[in-house]
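Notes for the one structure printed next.
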Number of protein chains: 2
Amino acid sequence: MRQASIRDVAKLAGVSTATVARVLRGTTPVSDALRERVEDAVAKLGYVPNAVARSLSRGRTQLLGLLVADISNPFFGEVARGLEDAAVAGGYQVLVGSSDLNPERERAVLAAFESRTVDGVALTSSTADSSTLRKLTASGMPMVFIDRRPADVAGPAVLCDNEAAARRAVQYLIGLGHTDLAMISGPRTMATAAQRLAGFRAACAEAGLSIRPECVREGYLGIEGGSKAMRRVLELDTPPTAVFSFNNLLGVGALSATREMGVEVPGEVSLLTFDDMTLFPFVDPPVTAIAQPAYQMGTEAARLLLDALANPAAEQPKDIVLPSDFRIRSSCAAPPPRP
Amino acid sequence: MRQASIRDVAKLAGVSTATVARVLRGTTPVSDALRERVEDAVAKLGYVPNAVARSLSRGRTQLLGLLVADISNPFFGEVARGLEDAAVAGGYQVLVGSSDLNPERERAVLAAFESRTVDGVALTSSTADSSTLRKLTASGMPMVFIDRRPADVAGPAVLCDNEAAARRAVQYLIGLGHTDLAMISGPRTMATAAQRLAGFRAACAEAGLSIRPECVREGYLGIEGGSKAMRRVLELDTPPTAVFSFNNLLGVGALSATREMGVEVPGEVSLLTFDDMTLFPFVDPPVTAIAQPAYQMGTEAARLLLDALANPAAEQPKDIVLPSDFRIRSSCAAPPPRP
DNA sequence: TTGTAGGCGTTATCAG
DNA sequence: CTGATAACGCCTACAA
């Protein structure tokens, strides 16, 4: 049997479809008698309003699109959860899409969002060329960036204090006595990579430390990339005594490289990474990390989107910069004495 | 300016909307002349078909709903990624909803899926009473269960060989010399908990080992729950020498309890858990775990759903049981000599 | 307070 | 091959 429609309910209750709609939405007043009849009919038929029809009619889908690099990365998982919680609280659902930072796949996801007329889009770590994005915003679709923002595209962003956090963390390393540091960075084109690298450089510079060019590696994102980059750094004739990693996956890769090479942490190298992970406290040694408030980044992004939707006239809100949390554990120590 | 509609394209190209639809879908042949005019018009207007209208008209949304306990749990993240990849490959998108195993929230998610008329639903670790689910399936919505299935509800499931895997793992523990084992299990109502517990019991029984009642704890799901349960077990007058944990979160909790209590692993207790995590190899000590093929569980679930959608007449497919992978690391060893 | 009816953007059926 | 046109299910002026 076909799903009951609003017409079936109206017929059974002996009222017009408009009345049914009214009692369902509770917008306009309806007499108690009719209300009751409608409610009975709804119950009897097990009527469920069709959100697709409603969306078409209202021009609103109550859907938020979330584009992430990879929903199986715990960082994005937390962001997604934050976004979802806030979205659901506001009567929205979320459509997720993973891109693997593959521009083609990313375009496909964005195209799907547009075609489905989601009401807003949250973009995380996008690689999209700004033209694609500008076309989307131009169509009036609210958009918010999480984690980083592409150059010259409008829309607020929810960011972490990348540079400052990196700088502080590296200062800590320097305070421990390190004078020869390395960074496993991300692709130069990523704003976050640039910012964290800038923080790294700034901390070194203000301490009068110079950085060997071969000690700044642009790793391909992913555990494998981190591992390779770390290997290369550790195989230098005189390897650095401390390594700062751009993100969680690269950090895990770096860690695994030390294991495979039998290099002791923090005995021979200190290791510090952006992004915390649930198990970092239990790793051998517990990993010192800069924790981003991922969940909160998600909720803030949703809030920005919902605000924009509730108040389309409002001018563009400012970016939101959230503080990170520096969690000192045991993977960093004083450098080993040089022979 | 409003988004261009199919009518705008038709007008500009001087054809009927039907023709536009035909060249867009490439279903029915269209003369080259018209095709070209339509394509030009589409390009000129930047026309993007409205998927909502299409869904309403066709009665198909090309949407799959995925209900998980928590999208920020890496296990579910992997499942989601697998489902997404397979879904996208088949022209579908995925709508996610987290329930925290809260029945009310779960009903809300399912209701939203129904209202949005997703084409199929994948359920992971659901707590839904079967009546809710049966109503859904009764409406003809394809449904597949991941990880476990509720009692008496139709629909295929993608499962792991829970009982056998648990049994084998516990046999390993017993082979190490343990005779006094404990299990931190999940809620008795979860089928997976029952199955893994059954495997645990079976392995003990066949080795002639008895299990102390106080050594089987039903932990509340979550790290905190695992930690509490582990504490209680370790505070026994004569604590067990090996503990088997129901899942990743409980395992992490158990591990953290040993840390806090200063209990050595595997020196004083051996620890073994269902579900692997990226960092388990790096934990101190590396955690021995039963790895479920989470990503594959997602792709298989999508395949089941897409098959059902492509072939509605087909009879109900059989469950898919995927093998788990037992990864022996260092958190298990021979029991300490009893004084 | 209630009903009528047109419209949302596509698809599909049915003539030509 | 092409064009009208009636759905799809709901919302919302507008009228009563």
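All chains are named by letter (A, B, ...) in the order of the sequence lines, taking the proteins before the strands, and each is independently numbered beginning at 1.
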Between side-chain atoms of residues 114-122 of chain A and protein atoms elsewhere (two or more places apart, or another chain), which donor-acceptor pairs fall under 3.5 Å?
unit_1   : atom_1 : unit_2  : atom_2 : d
A:Ser115 : OG     : B:Pro49 : O      : 3.0
A:Arg116 : NE     : B:Gln93 : OE1    : 3.0
A:Arg116 : NH1    : B:Thr61 : O      : 2.8
A:Arg116 : NH2    : B:Thr61 : O      : 3.2
A:Arg116 : NH2    : B:Gln62 : O      : 2.8
A:Arg116 : NH2    : B:Gln93 : OE1    : 3.1
A:Asp119 : OD1    : A:Thr61 : N      : 3.1
A:Asp119 : OD1    : A:Thr61 : OG1    : 3.2
A:Asp119 : OD2    : A:Thr61 : N      : 3.3
A:Asp119 : OD2    : A:Gln62 : N      : 2.7

Let me know the distance between CG of B:Asn50 and P of C:dT11, rounded to the nearest Å. 9 Å
Report which part of the nucleic acid A:Val38 touches: base, sugar-phosphate, or nothing (heavy-atom distance under 4.0 Å, all strands). nothing
Could you check how far CD of B:Gln62 sits from P of C:dT11, rounded to whole Å? 11 Å
Only counting residues at least two apart or in another chain, list the ones meeting side chain to side chain contact (heavy atoms under 4.5 Å, CB included) with A:Leu56. B:Val52, B:Ala53, B:Leu56
Specify the angle, to 10°, made by the local axes at the two ends of the helix from C:dT1-D:dA16 to C:dG16-D:dC1 when five pairs are taken at each end. 40°
Between C:dC8, C:dT11, C:dT10, which nucleotide has the shortest distance from any of its atoms to the side chain of A:Leu56? C:dC8
Decide if atom CD of A:Glu104 counts as having more than 12 heavy atoms of other residues, nucleotides or ligands within a radius under 6.0 Å. no
By nearest-nucleotide position on DNA chain C, the 5'-leaning member of A:Arg58 and B:Ser57 is A:Arg58
Pairs involving residues 42-61 of chain A, ordered by first then second residue, that meet salt bridge (Lys or Arg N to Asp or Glu O under 4.0 Å) (sequence neighbours left out): none
Of all of residues 14-25 of chain B, which get a heavy atom below 4.0 angstrom from DNA chain C, listed by number? B:Ala18, B:Ala21, B:Arg25
Those residues at least two apart in sequence (or on a different chain) that pass side-chain hydrogen bond (donor to acceptor under 3.5 Å, both in side chains) with B:Arg149 are B:Asp319
Exercise answer: donor-acceptor pairs, residues 66-80 of chain B side-chain atoms, under 3.5 Å, sequence neighbours excluded:
unit_1  : atom_1 : unit_2   : atom_2 : d
B:Asp70 : OD1    : A:Arg81  : NH1    : 2.9
B:Asp70 : OD1    : B:Ser72  : N      : 2.9
B:Asp70 : OD1    : B:Ser72  : OG     : 2.9
B:Asp70 : OD2    : B:Ser72  : OG     : 3.0
B:Asn73 : OD1    : B:Phe75  : N      : 2.8
B:Asn73 : OD1    : B:Asn248 : ND2    : 3.2

Salt bridge (Lys or Arg N to Asp or Glu O under 4.0 Å): which pairs involve residues 7-18 of chain A, sequence neighbours left out? A:Arg2-A:Asp8
Without swapping roles, check the side chain of B:Arg303 against the backbone of B:Ala86 for a donor-acceptor pair under 3.5 Å. no
Tell me, please, which residues at least two apart from B:Thr192 pass side-chain hydrogen bond (donor to acceptor under 3.5 Å, both in side chains). none
Residues forming a side chain to side chain contact (heavy atoms under 4.5 Å, CB included) with A:Ser31, sequence neighbours excluded: A:Ala33, A:Leu34
What pairs with B:Ser57 under side chain to side chain contact (heavy atoms under 4.5 Å, CB included), at least two apart in sequence or on another chain? none
So where does chain A start and stop touching DNA chain D, 5' to 3', when the test is distance under 4.0 Å to a non-hydrogen atom? D:dG9 to D:dT12
